[in-house]
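Note sheet for the following structure.
Note that ligands are numbered from 1 as they come in the structure, with each ligand's atoms numbered from 1 the same way. Just the heavy atoms: all of them, side chains too, but no hydrogens, waters or symmetry mates, feed the values below. Numbers here are sequence positions counted from 1.
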Amino acid sequence: MKLTFAGTGSAFCMAADNFQSNMVLETIPSGDELPQRLLIDCGSDARHSLRKLGLMPNDFDAVYVSHLHSDHIGGLEWMALANYFVFDGHRVELITAEELIEPLWEHSLRGGLETSDHGNSKLSSYFDVTALKPQDGFSWNGVSFDVIPVPHVVTEEKTMLSYALFGHAKDKSFFLTTDAIFNPEAHMPYYRKADIIFQDCELGPRHSGVHAHYDQLVTLPDEIKAKMWLYHYQAYDKPDAKADGFCGFINPEQSFDLG
Ligand SMILES: [Zn+2]
Ligand SMILES: [Zn+2]
C-alpha cells in the first residue's frame, strides 16, 4: 500500500509547483491485477494535480471526504461529470461521515450536478455513497480506518469538524490529521500509537487559528516530532523542520510505503 501526496499546499497556496493537499492511497498489486485507488479529498485543483500523477477520474475506486472546504471537495463536480459523461458512467464510491452527506449535496454540489442529462439527479446518480457513522470507521482494501472528528473551525456559534483518519495498514499505522486546530491533548493518543503522522501545518506570519501552526507543532515532544511529516502549508520559506526534530515537509508527489 502506497500513499502519494498529489499536493501538499494549503487551500490558498499559490505556489506554481504545488497543489492542494489531496492524497492517493493505492494498492500495490501482484501479477496482472490492477491497482485499487482511494482518493483522500478531491479539491478544486485535483483535475491538475491528478493529471500530473498520470491519473484520470476513472482511475479511482473510491473517494473519501474529510470536510466541506473547497480544497477538499471542490473537484467532486469535475469527478462526477467526467466519469458520468467521458468515462462511460464509471462509478466511484464516495465515503464520508453521514452528517456531511446532506450539506455536501445541498450546499456544495447540487447547483452544478442536479441538472445534467435529466433534471433530478442526486449525489447517488454519480457516486455510490457510503454514509459513515464515524464511530464505526471503515475498511478499504485491507486497511481499516478509524474516523476521528476533529475541530477545525471553531466560532462562538458553531464548530466545523473535519474527519481525520487513523489507518491500520498491514505493516504500519498512520494518523492523517486532515485540517484541524492544534489540539495536542485530543491528538496525543493517536500521535503516540501511530507509526507515522501526517500533520496539517500552517506556515507564515498569520496564525489563522483553524490549522496547527508550525510554531505550535514545534513545541510537541521530540518522540512525536520524530515520526511527524508536515503538509497543508502555504508558499512561505520553510523552516528547517529536520533541525527542529520533525521528519520534514512533504513534497508534492512524494510517496510513502505503508506496507
Ligand atoms: Zn484544507
Ligand atoms: Zn479546511
Side-chain angles (χ1 to χ4, degrees), residues 3-15 17-25 38-50 52 63-79 94-97 99-109 132 134 145 147-155 157-167 174-183 186-187 190 197-204 206-217 228-236 238 249-254:
L3 183 73
T4 302
F5 283 72
T8 56
S10 66
F12 319 132
C13 178
M14 283 173 263
D17 57 353
N18 206 351
F19 296 103
Q20 292 161 345
S21 289
N22 304 160
M23 307 112 201
V24 179
L25 185 65
L38 169 71
L39 180 61
I40 300 178
D41 287 327
C42 184
S44 44
D45 59 17
R47 186 162 64 97
H48 304 291
S49 64
L50 297 178
K52 200 144 182 278
V63 57
Y64 174 79
V65 169
S66 67
H67 67 293
L68 302 186
H69 280 144
S70 72
D71 53 322
H72 301 266
I73 58 139
L76 287 175
E77 179 181 314
W78 157 74
M79 176 172 260
L94 190 154
I95 305 168
T96 194
E99 42 270 69
L100 295 184
I101 301 276
E102 198 242 335
L104 173 64
W105 177 251
E106 292 294 333
H107 301 306
S108 296
L109 295 178
L132 293 174
F145 286 100
V147 176
I148 305 150
V150 291
H152 175 22
V153 184
V154 181
T155 71
E157 297 83 30
K158 204 171 173 181
T159 293
M160 179 186 189
L161 297 172
S162 181
Y163 293 85
L165 292 173
F166 192 98
F174 58 98
F175 181 37
L176 180 70
T177 61
T178 71
D179 292 14
I181 61 171
F182 183 62
N183 198 351
H187 288 174
Y190 305 104
I197 301 161
F198 302 110
Q199 171 70 51
D200 173 19
C201 173
E202 184 169 68
L203 286 182
R206 182 169 172 267
H207 288 224
S208 68
V210 307
H211 299 280
H213 193 282
Y214 187 87
D215 295 344
Q216 297 170 309
L217 293 167
M228 181 175 276
W229 286 92
L230 307 171
Y231 77 99
H232 206 289
Y233 49 84
Q234 294 93 328
Y236 293 107
K238 296 187 197 74
F249 285 93
I250 305 172
N251 291 314
E253 299 185 42
Q254 190 169 341

Can any side-chain N or O of Thr96 pair as donor or acceptor with the backbone N or O of Val65 at less than 3.5 Å?
yes
Original post:
Using a distance-only test with no angle check, is there a side-chain donor-acceptor pair under 3.5 angstrom linking Asp200 and Thr177?
Top reply: no
Nearer than 2.8 Å to the Zn ion (ligand 1), the protein contributes N, O or S atoms numbering 4
_If you take the centroid of each ring, where Trp contributes its six-membered ring, are Phe198 and Phe5 closer together than 6.0 Å?_
yes
Looking at Gln199, is its backbone amide N or carbonyl O close enough to the side chain of His232 to form a donor-acceptor pair, meaning the two atoms are under 3.5 Å apart?
no
Q.
Please tell me whether Asn18 and Thr8 have a donor and an acceptor in their side chains that are separated by less than 3.5 angstrom.
A. yes
Rounded to the nearest 0.5 Å, the CZ atom of Phe19 sits from the OG atom of Ser44 at a distance of 11.0 Å
